[in-house]
Amino acid sequence: MPDNLSAIFDTILDYADEEAAGTSNGQASTSNNRKRHHSKKHQRAVTLLRSFAQLNEQKEEISFQELAQSFIDDWDVSNSKSISIQQLSQLLNLPHIQGVLWSAQEISAGRFAPQLPDVPFEVDEDDGVAVKIVRIVRRGEPLGATIKCERGKVYVARIMANGVADRSGCIQDGDRVLEVNGVTVADKEPREIVKLLDNCDNGIITFKLIPAEVNQKLKQKKSSHRYVRAFFDYDPWQDRRHPCPEAAISFRAGDILEILDEKDQYWWQTRKIGFGALARRKESHDDDRREDSKKVGLVPSEWLQCQSENPDSFDSSDDFQTFLESHRERFYEGVFRWRNKKKRLRVVVLLGAPGVGRNEIRRQFFKVFADRFTNAIPHTSRPPRPNETDGVNYYFTSRAEMERMIERKEMLEYGEFRDNLYGTALKSVRRASEKGTVLLTPHPLAIENIRTWEFAPIVIFVQPPEFGEFKHTREVYRAQTTRSHSAASSSNISQNTAATSARAFSDTEIRQIIENSAQMEQKYRGVCDAMIRNVDLDTTMNELTGLIYQLESKPTWMPTKWLSDIGE
Ligand SMILES: Nc1ncnc2c1ncn2[C@@H]1O[C@H](COP(=O)(O)OP(=O)(O)OP(=O)(O)O)[C@@H](O)[C@H]1O
């Protein structure tokens, strides 16, 4: 890193130090009050950034871009008031600074491009045809381009965003390939050409190309950059429409995808960020997963998905456009990263197959964190029992009134049991939200009623453990609760206050729960923000508490359609 750049960082950080110590208005600071004012997170960021600024002292390889992203996230979460930190955050986000960070990382890792031999001076035999000779060095990375063969001629079909070919800036869609490493490609099969590309010496590929005529309109059309959440699973090897599965990526419902290029109506160039609301770019330090998160691949566009589902049912393209509008966000949902700066409470929703333990978890939360988590009191049309109080056990309401509420879509969910209506009203969720974090375990079909900015729900899918663990943990818990239940009974504690024994499960029931859970996960994974496996209750409680904390405080992916309501 050039000395003057590290000096700039150093100066900014010194200002940030002073601001953190409350001396930005020019007062002198003492080292003691500096220390006092420093948050741990801030100190860590400063230390790491200083180590970045002194690049020449680095022994091990560091991804500076990841580091910079983690500072930005940390500062966002801590909502730093420091102007220097805010400026630094903006600075680190600039594309050219990101470029410098990337280069610094490559250079510090000693990844220099090898010396390229001189480009040979050639005159093409085909008189009057302009050719270009392009040399590309790819170090273990795929070329990032696909080819197509048309009537014996070979063309560059697509350049993948951020791939080696794209970064070279020398090859473009539509270029006609004449030679690869001195071998003529005309009349060759695509797999023979792929072989030629693989057999390059020292990662250097030389192309002889006839440049495509540049379509100015296309060139001007900017590549998009946006994020979506997928609502379906995708395996390119099972997709017969895919022109080149090798140049694709697979994903599952609930994965966040970064769309880098959607100029092609059928295939989007996409990178996978990860699953759920907390998915983060290049988060992993595991090499394989890092590679995976870097790979750009072609996935079907929303248009292609819609068209494939209804291939013949449209007479005109206008009809199809109308259909497309009505199916918008059916396959992909636009998302953005939202920072909960105002620390607003979000409704927590536990989804899961019956028997997996959602209600037990909810009971435990109300018991252990009684001052934080609240329940939305349900409505019923049945008359109160002697020990029941209106507004405590239920809101006792007439059947006619409940029917009106259903009709006016004021219910989150409802059902009928022994000729009486039961259900949870949206206004009860609103009322409960004033007291704390509402924890709900609704039927999955009710999710769409609550998936709005007003409730900004955190949806967590509760998975069962595998068969053996399910059986063991449930038996242990049942034995425990049975013991405390009989102890309470024999010491004359009323049956109402005594713990009730947990239920027993047969092997068939356990298998059924595991199977139902897999089916339900498949169907609703797309709307889930996170997953948790309910093995033993203590671990589940600990993990879930941590997960909810993260989902409330860290930046999370939210539907862009909520943006208009946010107004923050
Ligand atoms: N982690 C766990 N370890 C041991 N037992 C558990 C655990 N989670 C739940 N249980 C027990 O499993 C049984 C079923 O749990 P629970 O009633 O909460 O399931 P549910 O998912 O709410 O299903 P349903 O909708 O059928 O009530 C209960 O007896 C509960 O005590």
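Given the structure is predicted, the values throughout are model-derived calculations rather than measurements. Remember, it's 1-based here, ligands and their atoms both numbered in the order they're listed.
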Table please: side-chain donor-acceptor pairs of residues 459-466 below 3.5 Å, with sequence neighbours left out.
from	atom 1	to	atom 2	distance (Å)
Gln463	OE1	Arg533	NH2	3.4
Gln463	NE2	Glu521	OE1	2.9
Glu466	OE1	Gly468	N	3.2

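- When heavy-atom distances to ligand 1 are checked against 4.0 Å, the residues falling inside are Ala353, Pro354, Gly355, Val356, Gly357, Arg358, Asn359, Glu360, Thr473, Arg474, Tyr477, Ala502, Arg503, Phe505, Asn534, Val535, Asp536, Leu537, ordered by chain and number.
- A centroid separation of less than 6.0 Å is found between the aromatic rings of His242 and Trp267.
- Under the salt bridge (charged side-chain N to carboxylate O under 4.0 Å, His left out) criterion, Asp419 pairs with no residue, sequence neighbours left out.
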What donor-acceptor contacts under 3.5 angstrom involve side-chain atoms of residues 432-448, with partners at least two apart or in another chain?
from	atom 1	to	atom 2	distance (Å)
Ser433	OG	Val429	O	2.8
Thr441	OG1	Asn359	OD1	3.0
His443	ND1	Leu445	N	3.0

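- Considering Trp557, Trp562, Trp453 in turn, Trp453 is the only one that fulfils the ring pair (Phe, Tyr, Trp, His ring centres under 6.0 Å) rule with Trp338.
- A salt bridge links Glu388 to Arg382: one of the charged nitrogens lies within less than 4.0 Å of a carboxylate oxygen.
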